[in-house]
K.L.:
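Quick one: structure below, then a few questions.
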Amino acid sequence: MDVMKKLEILSASAKYDASCSSSGSSRRNTKDGIGNAAATGICHSWSQDGRCISLLKILYTNKCIYDCKYCVNRASNEVERTSFTPKEVVDLTINFYRRNYIEGLFLSSGVERSPDYTMENLVRILKDLRLIHKFNGYIHVKAIPGADPKLIYEAGLYADRMSVNIELPSEKSLKLLAPQKKKEDILKPMGLIKHSIIESSEYKKKGFKVPKFTPGGQSTQLMVGATNESDLSVISLTEGLYNTFGLKRVYYSAYVPVVQHANLPAILSTPPLLKEHRMYQADWLLRYYGFKAKELLDEKNPNFDIDLDPKAFWALNNLDKFPVEVNNAPYEVLLRIPGIGVKSALRIIRARRLCNLSYDNLKKLGVVLKRARYFITCSGKFYGDKAMERDRLKNYLLDYESFDKPEQLSLFTQRGDLFV
Amino acid sequence: MIYLFRYIYDGSFDGFLTVIYACYYDKVPDSIEKESSYNFNILYEDKVIETDLVKSNKVYKAILEKISEDTLIHVYQAFLSEAPDIELKIFKYIQLGFKLGSKVNDLLSDETVNEVHKYSRKVGSEAHRFLGLVRFQEFKGILYAAIEPSFNILELIGNHFKARLTNEKWVIHDVRRQIGIVYEENEWILRELKFKKLESQETEELFYQNLWKAFHKSISIKERSNERLQMQHMPKKYWNNLIEMK
């Protein structure tokens, strides 16, 4: 099979991995080498689905011994199978990189023969790239669950980021859809990676010269909408992952039905993109806005309102905390106002050092007030509606922008009552 | 009759800083114009400013030391926007800077500061965009890329590619401005490149271009198709020189 055909097959089966970020690592170029990594990450192109392309995202092979029900590469699915040779991966990476098509390589794989055999192959490609071809661009590699810890450790010495995908957010779903995988197999490599990162940085602090271990940290992915977990259980899991494993990112992927199975959504249903979007918004609230999972949702309200972004949802449930005075509220409180993000909050803090801010000043700063106005006062003056009532406010906060997506049209018509 | 007063300079950044020097030691102008966009205007009394590296260096250092590095970056990036009348706005911004020191950048509700920041941000973000959007083609071992950015961002991206492609020879050609960066042996220079953009026909080059196009197509999830989002991130004005979009 020629490289073109292989590339088509092995990139098409890698596309369900949401992560394409090339950030977190500032690996330098070497004297006789090619490439480096930019800590902020750089997008090189965008595919037709609007997702950024930053890495050459491919599988090493789509041959797989596992039969996970949701996966397009599961053993029992009849698709064409193929593998790259290490040389092909190296040539593609270097030549794409030289032409500035990509920021680096994202190497994943089906599990061929055994986890160890597969992981060995991945490590070999990494070593070829780094040691023989002196490639210093970004490399993201999958840790294969169940592989020998030594191999996973070795991969971490050459990669900028590693990830193990959890995919199914509970043990119950795992049993239902991927009975051959065990929870421990997934969590063990995550623990190992975390431990090795800490160890490497501890030694470095003490002044030892140690090899870097995945300087860009580790990430994982959860599937949204394949199973019935509540939003609360998904964001609690996310919070736990950030806290216990020190993950850099948790990605969410709206489940695209690829195979027909009794335990899965029907093949023609559209992927739950809006739900995925809400999960990302909630994830942001956990990481940058100082929210706790328990604040956002509880046992009584285990799911977000799909029409509202999670912050607006939280604000409506906590109306007693508003309005907030922009001229003296601390940063953490400014961040909790719907419509005000990190940038706006920082700008407000900078600008109010020099003068008391009026409503017009806020506009000039570029703060978007469409939603924020119902939750703030400027020097004591309130610019929103007179009454702070949940149902009235909800109408102002509906996230119209998300309604443009075709999937949402049906939602829009279902909820016609709100728009009378 | 009282004439309005105007400085004319050569369009370079050093030339502009020399004008700033003149604003302080000679006279405050009503307008600052580039030579290339000069039109005789009966209302103006014109004075041509010759670029003087000693004077421009003094201004450069003064901004750096008396105001802040951030301010210098804003001045430089806003200048590269080539927006109409940006020179006078930058001058007013610098004036404010000498008065307030580094605090000038907190004065976000001031119109001048806001304008200069806005252009600086636009130029900065386009430069960042092009770190990804430059597409090299190989010509007998030399990498060549044609770009058509809205702003004059070449100088802002040179060091990035120097660090990456240290051991290659490469050229980035701003087709519309007819200038380019030429890199060889650890050094890049900005120079005039008065020719139209080039397209490589080498077999190996076309081989990788086709692979890239195929990859770009197959990595997209068709059930999530969202061309509006794609266009928002990668506006159509850049598609001309993107191999995958041609």
K.L.:
So what's closer than 4.5 Å to chain B heavy atoms on A:Leu56: side chain, backbone, both or neither?
P.N.:
both
K.L.:
What residues of residues 70-102 of chain B make heavy-atom contacts with chain A at a cutoff under 4.5 angstrom?
P.N.:
none
K.L.:
So if I apply the side chain to side chain contact (heavy atoms under 4.5 Å, CB included) rule between A:Trp46 and each of B:His233, B:Glu227, B:Glu244, which one comes out positive?
P.N.:
B:His233
K.L.:
What part of A:Lys31 is in contact with chain B, defined as an atom under 4.5 angstrom from a non-hydrogen atom: side chain, backbone, both or neither?
P.N.:
backbone
K.L.:
Rounded to the nearest 0.5 Å, what's the gap from OH on A:Tyr101 to NE2 on B:His216? Could you check?
P.N.:
11.5 Å
K.L.:
Enter the distance from A:Phe96:CZ to B:Trp212:CH2 here, rounded to the nearest 0.5 Å.
P.N.:
6.5 Å
K.L.:
Heavy-atom distances under 4.5 Å only: say whether B:Phe161 touches chain A with side chain, backbone, both or neither.
P.N.:
side chain
K.L.:
B:Gln232 versus chain A, heavy atoms under 4.5 Å apart: side chain, backbone, both or neither?
P.N.:
neither
K.L.:
Can a side-chain donor-acceptor contact be found between A:Asp49 and B:Ser225 if the only test is distance below 3.5 angstrom?
P.N.:
no
K.L.:
Between B:Lys217 and A:Glu8, does at least one N-O distance fall below 4.0 Å, as a salt bridge requires?
P.N.:
no
K.L.:
Is B:Asn210 in contact with chain A via its backbone, its side chain, both, or neither, using a 4.5 Å heavy-atom distance?
P.N.:
both
K.L.:
Check the pair A:Arg99, B:Glu205 against salt bridge (Lys or Arg N to Asp or Glu O under 4.0 Å), reporting the backbone distance first and the verdict last.
P.N.:
CA-CA 10 Å; A:Arg99 290 169 174 78; B:Glu205 173 58 33; 2.9 Å; yes
K.L.:
Please tell me whether A:Tyr97 and B:Arg164 have a donor and an acceptor in their side chains that are separated by less than 3.5 angstrom.
P.N.:
yes
K.L.:
Side chain, backbone, both or neither: which part of A:Ile53 has an atom under 4.5 Å from a heavy atom of chain B?
P.N.:
side chain
K.L.:
What part of A:Leu354 gets closer than 4.5 Å to chain B, counting heavy atoms only: side chain, backbone, both or neither?
P.N.:
side chain
K.L.:
State which residue, out of B:Lys222, B:Gln230, B:Arg224, fulfils the side chain to side chain contact (heavy atoms under 4.5 Å, CB included) condition with A:Gln48.
P.N.:
B:Gln230
K.L.:
By a 4.5 Å heavy-atom criterion (distance strictly below it), what part of A:Asp360 contacts chain B: side chain, backbone, both, or neither?
P.N.:
neither
K.L.:
Whether A:Arg98 and B:Glu138 form a salt bridge (side-chain N of Lys/Arg under 4.0 Å from carboxylate O of Asp/Glu) is what I want to check.
P.N.:
yes
